[in-house]
Amino acid sequence: MEKKPLELSIIIPVFNEAENLPQLFENLQKVMQKINKSYEVIFVDDGSQDRGGQILKERCREDARLRVIVLRRNYGQTAALSAGFAAAAGRVIIPLDADLQNDPEDIPMLLKKIEEGYDLVSGWRKERKDPFWSRRLPSQIANWIISRISGVRLHDYGCTLKAYRREYIEQINLYGEMHRFLPIYASWSGARIIEVVVRHHERRAGKSKYGLSRTFKVLMDLITVKFLGRYATKPLYLFGAIGSFLLFLSVASAAGVLYQKIFLGVSMIQTPLLLLTVFFILLGVLLIMLGLIAELTVRTYHESQGKPIYSIRETLNFD
Ligand code: UDP
Ligand code: MG
């Protein structure tokens, strides 16, 4: 896959959206005419089993700025987006759903914010047109939790339509449902982030591929991301802290047993404290050991891949 520098890459994950594609092409064309920039649109066909793949290929034959990546099977939206990001040549990258729920008409507004100097412009589907109980409510709760826990205050992590300066997503590997955490990763590497309200439409054709179970996955991913962000280079700080706390508890409960034995004459097997002492010691030591193993893993991770523990915004007079 050849990459020549472009101003803009639009990335569209597609899974069984044949009914939506013709309208999508039309909407895109209308907007792209207005934008005076070099661009490419990368469609990632995520193992579609309908006519979608065929339609994409036909369109791309007519216009070299439209590109298609066909995945061998259905890997999920995050993986499809990753494939698009990896192939993207644009200085700015804008992902967008294929089902016409996001509106390409918002693209110029996102670009304007990037031009104003922001590194990441996060779309917010303020008037989201999805079912309330199965989608909007769980998503609102998840967004609230993510926002609190990550400290990156946004209303809508799940909205695909966002604009990124490429350097902020370039080196990030995505797993699970993690594309929605890109703003968090970006913020950790110092990105200037702004949130803007974007349009949202009801899904008119095709089916949503997701339901309630995704919210659970997203929250599990959040634990990973939070852990990696905070302790990726020093896991012993976390394991060690909990382990040390347990060791402290074991000392306290040992003192309790001895006190009861010596001063109150209570037999050691009459209280659960002796058992607790042993339990706390074991768990404390184990956790610290686990932390040391995690330290080894981290070193393997960073050193075998030459991954530095920092990222540089810019340099002067180095070349
Ligand atoms: N999608 C994908 N692979 C999948 C599921 C979905 O590429 O396994 C695409 C889908 O075609 C759409 C976007 O991801 O363009 C969002 O999917 P969907 O509309 O089903 O999610 P929702 O909007 O309901 O959250
Ligand atoms: Mg959708």
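For this chain, numbers begin at 1 and follow the sequence in order. Both ligands and their constituent atoms are indexed starting at 1 by order of listing.
Checked for salt-bridge contact, R203 and E17 meet the test: a charged N lies under 4.0 Å from a carboxylate O. Note on K112 versus E116: salt bridge recorded, some NZ/NE/NH1/NH2 to OD/OE distance being below 4.0 Å.
Residues D130 and Q101 have side chains that bring a donor and an acceptor to within less than 3.5 angstrom of each other. A donor-acceptor contact closer than 3.5 angstrom is absent between the side chains of E195 and S122. Side chains of S208 and R135: a donor on one and an acceptor on the other come within 3.5 Å. In the model, D97 has a side-chain atom that pairs as donor or acceptor with a side-chain atom of Q77 under 3.5 Å.
Here the protein contributes D99 OD2, Q101 OE1 as N, O or S atoms under 2.8 Å from the Mg ion (ligand 2).
The aromatic rings of W124 and H155 lie parallel to each other, their planes meeting at an angle below 30°, with 60° marking the opposite boundary.
Within 4.0 Å of ligand 1, contacts by protein heavy atoms are made from P13, V14, F15, E17, D46, N74, G76, Q77, D97, A98, D99, Q101, R135, R203, S208, K209, Y210, R214.
Residues L258 and M268 have side chains in contact (heavy-atom distance under 4.5 Å, counting atoms from C-beta outward).
Counting non-hydrogen atoms of other residues, nucleotides and ligands closer than 6.0 Å to CZ of F227 gives a total above 12.
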